[in-house]
Number of protein chains: 2
Amino acid sequence: MTTETDSGASAVMAHLPKGKRERTKLANREAILAAARDVFARLGYGATTVRDIIRATDLASGTFYNYFKSKEEVFEAIQDESAVRVRPRLRAERIRAKSVEEFIAGSFRTFFDYVATDRGTFAVMRRNADTVRVRMDTPEIIAGFDELKSDIVRAMDEGLLPRADADFLMASMVGVAFECAERMLKREPVDPAAAADFATALFLGGIRALPKPTHS
Amino acid sequence: MTTETDSGASAVMAHLPKGKRERTKLANREAILAAARDVFARLGYGATTVRDIIRATDLASGTFYNYFKSKEEVFEAIQDESAVRVRPRLRAERIRAKSVEEFIAGSFRTFFDYVATDRGTFAVMRRNADTVRVRMDTPEIIAGFDELKSDIVRAMDEGLLPRADADFLMASMVGVAFECAERMLKREPVDPAAAADFATALFLGGIRALPKPTHS
DNA sequence: GGGGAAAGTTGACGGACCGTCACATTTCCC
DNA sequence: GGGAAATGTGACGGTCCGTCAACTTTCCCC
């Protein structure tokens, strides 16, 4: 049972990949990502070396570089996976929401809920005195923010929201979200609803008081 | 003129340090910090090595370690210097302010003004795709935030500000300040007043709408 | 099914960095 | 002036990085 034949074992997890080549390629990539997640969690981003990740797999050192260029790139991939998971939820939120206010509230709610769940990806990055922060310039994350921002800009255009400096506004949402998320994770019990309520109230109250943009 | 004697040259910058020993000690430390600032600016934090910093001085590699334990520690020292420069301004602001609102406005103003001036310390850290962020756990910075926070808590206690979750509030101020500062530095011309106005309005408007803290 | 091309894996290698340490040098102070 | 203490020096062992030529596996077409 435990010692299957090759064909049997591969049939278990063989879904999309057609050839064996494609299958091991996927498996290797996944193994590296899993190992990286684990090592990042144990040592923190700054302290882990590419070699640490490699050693946590059963691959040769050279192989790693067939999949990722650097530690940085593995990190990005892990973050992107998270973003991929969050984006559909934000989209659903946008559809469900009946007003911009609801949409903003829902976005915060979704974000904090996710962070509280997927601590392995979010909290881990700042282990110890690690100063690595969540990257914002990763494709999936940029796309997600662009979506959110265009919604907000549209709401401003339609007069549903006071016109303000949309860049600063997005920056502020990001800042509030991430800093509060960090505090949230340090508390016991972790309470995403409280964090979301706080951020939402601060924002909805604040937006109404915003001045016109001075930025050209 | 340019080639002074030792006593002549040292007399120029000899103020506090008494012996020659103390003087070169200070000079070396300063040389390392200056070199580090320069190299960080050129290469970004992540890409610079301790060796790069050493090479930018005329010291031996071993000497560096008499002054700092690591690149990280040099970084902290540079940041702390900035914090040391900002804190008195914030204190002056607190004394000058006639209300909590004015104080918050003044704090943002001071912060963005400083960032716009001392780009060498703030902006430099995120050069390229560098993910190092400003450290918040450095002694001087912690002290500064504690000061600010206790003022806000006191204002809440005195009923001058609606009672809210002070931790989240501080986190939000930090988040908004740093994220907006980053956007600000990318614009031309850099306009600290606009950034400060935005942050202040967002906050003062937002604070009034905050819910009671659910945190025990 | 066989055989050659293409894709992928392997681990050793040159280059660089890190932090230390025994030794040389400078400063202090009696 | 001279010895003790403090500081500077740079070579060294250990580690990491990213590459590359040689090797193994998979693919695919005859």
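Letters A, B, ... mirror the listed sequences (proteins, then strands); counts begin at 1. As the structure is a computational prediction, the values presented were derived from the model and not from experiment.
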Colleague: Which whole-number value in Å describes the distance from A:Tyr67 OH to D:dG18 C1'?
Modeller: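 It is 17 Å, rounded to the nearest whole Å.
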
Colleague: Where each residue is assigned the nucleotide of DNA chain D containing its nearest heavy atom, which of A:Ser70 and B:Asp58 is assigned the position nearer the 5′ end?
Modeller: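 Its nearest nucleotide being more 5', the pick is B:Asp58.
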
Colleague: Do you know which two heavy atoms are closest between B:Leu185 and B:Ala116, and how far apart they sit?
Modeller: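 Heavy-atom minimum between the residues: CD2-CA, 4.5 Å.
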
Colleague: What integer distance in Å separates A:Leu26:CG from C:dG8:P?
Modeller: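 Going from CG in A:Leu26 over to P in C:dG8 covers 13 Å.
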
Colleague: Which nucleotide wins on minimum distance to the side chain of A:Val50, given the candidates D:dC17, D:dG8, C:dC17?
Modeller: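 Output: D:dC17.
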
Colleague: Going by atom types alone, do B:Thr63 and B:Asn28 pair a side-chain donor with an acceptor below 3.5 Å?
Modeller: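 Result is no, nothing qualifies.
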
Colleague: Atom CZ of B:Phe64 to atom P of D:dT7: distance rounded to whole Å?
Modeller: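 Rounded to whole Å, this separation is 17 Å.
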
Colleague: For the residue pair B:Phe108 and B:Phe112, does the interplanar ring angle fall in the parallel (under 30°), tilted (30 to 60°) or perpendicular (over 60°) class?
Modeller: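 Aromatic pair B:Phe108/B:Phe112 classed parallel.
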
Colleague: Starting at CG of A:Asn66 and ending at C1' of D:dC20, how long is that distance when rounded to a whole Å?
Modeller: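 It is 12 Å, rounded to the nearest whole Å.
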
Colleague: Check this for me: does any side-chain nitrogen of one of B:Asp167 and A:Arg187 sit under 4.0 Å from a carboxylate oxygen of the other?
Modeller: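 The answer is yes: the pair qualifies as a salt bridge.
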
Colleague: Can you tell me the distance, in whole Å, between the CD1 atom of B:Ile54 and the P atom of C:dC17?
Modeller: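 Between P of C:dC17 and CD1 of B:Ile54: 10 Å.
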
Colleague: Quick test: give all pairs of protein nitrogen or oxygen and nucleotides 27-30 of chain D nitrogen or oxygen below 3.5 Å, distance rounded to 0.1 Å.
Modeller:
residue: D:dC27; atom: OP1; partner: A:Lys20; partner atom: N; Å: 2.7
residue: D:dC27; atom: OP1; partner: A:Arg21; partner atom: N; Å: 2.9

Colleague: Would you mind classifying the nucleic acid contact of B:Phe68 as base, sugar-phosphate or nothing, using non-hydrogen atoms under 4.0 angstrom?
Modeller: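 Here B:Phe68 touches no strand at all.
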
Colleague: What nucleic acid atoms does A:Thr49 come within less than 4.0 Å of, heavy atoms only: base, sugar-phosphate, or nothing?
Modeller: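 Here A:Thr49 touches the backbone only, sparing every base.
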
Colleague: Taking only side-chain N and O atoms of B:Lys25, does any of them lie within less than 4.0 angstrom of OP1 or OP2 on D:dT7?
Modeller: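 Answer is yes, contact under 4.0 Å.
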
Colleague: Regarding A:Glu30 and A:Lys25, does a basic nitrogen lie under 4.0 Å from an acidic carboxylate oxygen?
Modeller: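 Looking at A:Glu30 and A:Lys25, the cut-off is not met.
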
Colleague: Taking the minimum atom-to-atom distance to the side chain of A:Arg51, which one of C:dC17, D:dG8, D:dG18 wins?
Modeller: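 Closest of the options to the side chain of A:Arg51: D:dG18.
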
Colleague: For A:Asn28 and for B:Thr48, locate the closest nucleotide of DNA chain C by heavy-atom distance; then report the residue assigned to the nucleotide nearer the 5' terminus.
Modeller: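 This one resolves to A:Asn28.
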
Colleague: In whole Å, what is the span from the NZ atom of B:Lys69 to the C1' atom of C:dT20?
Modeller: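 The answer, rounded to whole Å, is 15 Å.
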
Colleague: Using heavy-atom distances to pick each residue's nearest nucleotide on DNA chain C, tell me which of A:Ala60 and B:Tyr65 is more 5'.
Modeller: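 Comparing both residues, the 5'-ward one is A:Ala60.
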
Colleague: On the nucleotide C:dA16, are OP1 or OP2 found under 4.0 Å from the side-chain N or O atoms that B:Arg55 carries?
Modeller: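 It does not, given that no N or O in the side chain of B:Arg55 lies less than 4.0 Å from OP1 or OP2 of C:dA16.
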
Colleague: Taking only N and O in the side chain of B:Thr63, is any of them less than 4.0 Å away from OP1 or OP2 of D:dT9?
Modeller: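 Answer yes for this pair, as a side-chain N or O of B:Thr63 is under 4.0 Å from OP1 or OP2.
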
Colleague: Which of parallel (below 30°), tilted (30 to 60°) and perpendicular (above 60°) describes B:Phe40 and B:Phe75?
Modeller: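 It falls in the perpendicular class, over 60°.
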
Colleague: Parallel under 30°, tilted from 30 to 60°, perpendicular over 60°: which one fits the rings of B:Phe178 and B:Phe111?
Modeller: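 Answer is tilted, since the angle falls between 30° and 60°.
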
Colleague: Is the backbone N or O of B:Asp52 less than 3.5 Å from a side-chain atom of B:Thr49, with the two atoms forming a donor-acceptor pair by type?
Modeller: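 It does hold such a pair.
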
Colleague: Check every atom of C:dT10, D:dC12, D:dT19 against the side chain of A:Leu59 and return the nucleotide holding the closest atom.
Modeller: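 Taking heavy atoms from C-beta onward, the closest nucleotide is C:dT10.
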
Colleague: May I have the distance from A:Arg23 (atom CZ) to C:dA7 (atom P), rounded to whole angstrom?
Modeller: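 Taking CZ of A:Arg23 and P of C:dA7, I get 18 Å after rounding.
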
